[in-house]
Amino acid sequence: MKVKIKLFWKILLLGLATDAFSETLTFKADVWCPFNCEPKGEQQGYLIDLAKAALEPLGHKVEYSTLNWARAIVDTRDGKYTAIVGAAKSDAPDFVFPTTALGFARNCFYGKKDATWSFQGVASLKDITFGVVKDYTYEDEVDEYIKTNIKDPKKIDVVAGDNPLELNLKKVNAGRITAFIEEDSVLRNYFFRNKLPDDSIKNLGCVKESDIFIGFSPKNPKSTEYAKALSSKLDVMRKDGSFSKILAQYGIKDWVK
């Protein structure tokens with residue numbers, strides 16, 4: 001009987017210790033698939049998959065939900081949430097980031113397969129009408145050009161709504177705009193999900209590239225620990241091939257050769 005009682009207390013104490021170290025980690029962002037997709041969808045985004053693979057074996061629970069991007073940054077900075085997903089370091093320089101980039105963003109111009117125009121710097125934009133998404137940012141010089149010419153529909157065509165990429169594709173194919181600007185992985189994922197041939201549109205040149213991260217709250221004393229866990233797990237998953245398998249589910253490839 002004494003043995004059973006001692007065993008009971010050991011199990012109870014072990015359970016209490018596990019609960020003490022376990023936390024619910026709240027991740028916030030607006031939808032930017034394949035980095036982070038619809039929270040209730042079958043695939044929540046490969047950054048969410050990576051976060052769960054790295055942090056849930058440590059006893060934590062990752063909870064991801066969407067929030068306006070500007071609000072997500074402010075509230076996470078204040079410590080209300082654990083992290084923002086799909087961030088460049090310039091989005092929140094004071095946040096805690098993994099040492100290894102978790103994603104790679106490249107905004108490119110896309111047009112018809114027979115398009116002859118190509119992006120050769122901001123000066124070349126004056127020759128075309130191109131599509132942008134309302135309130136999106138792309139790259140400093142391009143953003144400045146858009147801001148300067150936003151009221152000229154012959155230069156900038158603005159779309160909004162739930163499916164801006166689909167709208168821009170239709171406008172390019174209808175000849176209403178020469179090109180539109182979109183993040184490369186986002187476009188590839190759209191074609192992958194909709195089973196469309198990826199050669200049905202032409203890449204006309206890209207602007208500045210940037211690394212993408214999960215950024216942890218500067219108010220959370222454990223943020224450095226979480227960031228290190230992500231970097232370590234990504235290194236392991238790259239070596240054993242499991243990271244490439246996750247990316248393949250979203251129709252993209254590892255940006256590191």
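Annotation for Ile201 and Lys113: closest pair N-CG, 4.1 Å, computed over non-hydrogen atoms. The minimum heavy-atom distance between Ser223 and Ser217, with the atom names listed, is OG-O, 2.6 Å. For Lys155 against Tyr145, the heavy-atom pair with the smallest separation is CD-OH, 3.7 Å. Between Thr76 and Phe95, the shortest heavy-atom contact is CG2-CE2, 3.6 Å. Taking every heavy atom of both residues into account, Ile212 and Ala88 meet most closely at CD1-N, 4.2 Å. Heavy-atom minimum distance, Ser185 versus Phe35: CB-CZ, 4.2 Å.
Under the 4.5 Å side-chain criterion, counting only non-hydrogen atoms from C-beta, Asp199 is not in contact with Phe191. A heavy-atom distance below 4.5 Å is not found between the side chains of Tyr190 and Val186. Looking at Leu125 and Phe130, their side chains come closer than 4.5 Å, going by heavy atoms from C-beta outward. Between Phe104 and Val256, the closest side-chain pair of non-hydrogen atoms is not below 4.5 Å. Taking 4.5 Å as the limit, some side-chain heavy atom of Arg188 sits within range of a side-chain heavy atom of Asp184. Contact check for Gln43 versus Gln249: side-chain heavy atoms found under the 4.5 Å cut-off.
A distance of 11.5 Å separates CD of Gln44 from CZ of Phe27, quoted to the nearest 0.5 Å. The CD1 atom of Ile181 sits 8.0 Å away from the SG atom of Cys108 when rounded to the nearest 0.5 Å.
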Open item on the list: Determine whether Lys89 and Asp211 satisfy the following criterion, salt bridge (charged side-chain N to carboxylate O under 4.0 Å, His left out), listing intermediate values before the conclusion.
Closed with: CA-CA 8 Å; Lys89 287 187 177 180; Asp211 291 332; over 6 Å; no
TODO: Would you check, one step at a time, whether the test side-chain contact (heavy atoms from CB on, under 4.5 Å) holds for Ile156 with Val158?
DONE: CA-CA 6 Å; Ile156 308 295; Val158 183; 4.0 Å; yes
Task: Intermediate values then yes/no, salt bridge (charged side-chain N to carboxylate O under 4.0 Å, His left out), Lys61 and Glu23 - done: CA-CA 6 Å; Lys61 181 180 181 182; Glu23 294 183 86; over 6 Å; no
Task: Test log, rule side-chain contact (heavy atoms from CB on, under 4.5 Å), inputs Cys206 and Phe109 - done: CA-CA 6 Å; Cys206 303; Phe109 290 88; over 6 Å; no
Task: side-chain contact (heavy atoms from CB on, under 4.5 Å) assessment of Thr66 paired with Asp30 - done: CA-CA 5 Å; Thr66 56; Asp30 56 356; 5.7 Å; no
Open item on the list: Tyr138 vs Val133, test: side-chain contact (heavy atoms from CB on, under 4.5 Å). Steps then yes/no.
Closed with: CA-CA 10 Å; Tyr138 300 98; Val133 181; 3.7 Å; yes
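For the salt bridge (Lys or Arg N to Asp or Glu O under 4.0 Å) test, no residue two or more places apart in sequence or in another chain qualifies with Arg193.
Summarising the local packing, CZ of Arg77 is surrounded by more than 12 heavy atoms from other residues, nucleotides or ligands at distances under 6.0 Å. No more than 12 heavy atoms of other residues, nucleotides or ligands lie within 6.0 Å of NZ in Lys228, so this atom counts as exposed by the packing criterion. Counting non-hydrogen atoms of neighbouring residues, nucleotides and ligands closer than 6.0 angstrom, the CD atom of Glu56 exceeds 12 such neighbours.
With salt bridges taken as basic N to acidic carboxylate O contacts below 4.0 Å, none links Asp75 and Lys28.
Using a 4.5 Å cut-off between side-chain heavy atoms of Ile, Leu, Val, Met, Phe, Trp and Tyr, with links allowed through other members, Leu55 and Val85 fall into the same hydrophobic cluster. Hydrophobic clustering, with ILVMFWY side chains joined whenever heavy atoms are under 4.5 angstrom apart, groups Leu230 together with Tyr226. Residue Leu50 is not grouped with residue Val236 when hydrophobic side chains (ILVMFWY) are merged at heavy-atom distances under 4.5 angstrom, including chains of intermediate members. Linking ILVMFWY residues whenever their side-chain heavy atoms come closer than 4.5 Å, directly or via other members, places Phe213 and Ile84 in the same cluster. With hydrophobic clusters built from ILVMFWY side chains whose heavy atoms lie under 4.5 angstrom apart, Ile48 does not share a cluster with Ile73.
No donor-acceptor pair closer than 3.5 Å links the side chain of Lys202 to the backbone N or O of Tyr110.
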Identify all side-chain donor-acceptor contacts of residues 164-179 below 3.5 Å with residues at least two apart in sequence or on another chain.
from: Lys171; atom 1: NZ; to: Asp157; atom 2: OD1; distance (Å): 2.6
from: Lys171; atom 1: NZ; to: Asp157; atom 2: OD2; distance (Å): 3.4
from: Asn173; atom 1: ND2; to: Leu169; atom 2: O; distance (Å): 3.1

Considering only distance and modelled atom types, tabulate donor-acceptor pairs under 3.5 Å from the side chains of residues 239-248, sequence neighbours left out.
from: Asp240; atom 1: OD1; to: Ser242; atom 2: N; distance (Å): 2.8
from: Asp240; atom 1: OD1; to: Ser242; atom 2: OG; distance (Å): 2.6

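Classified by interplanar angle (parallel below 30°, tilted 30° to 60°, perpendicular above 60°), the ring pair Trp255/Tyr46 is tilted.
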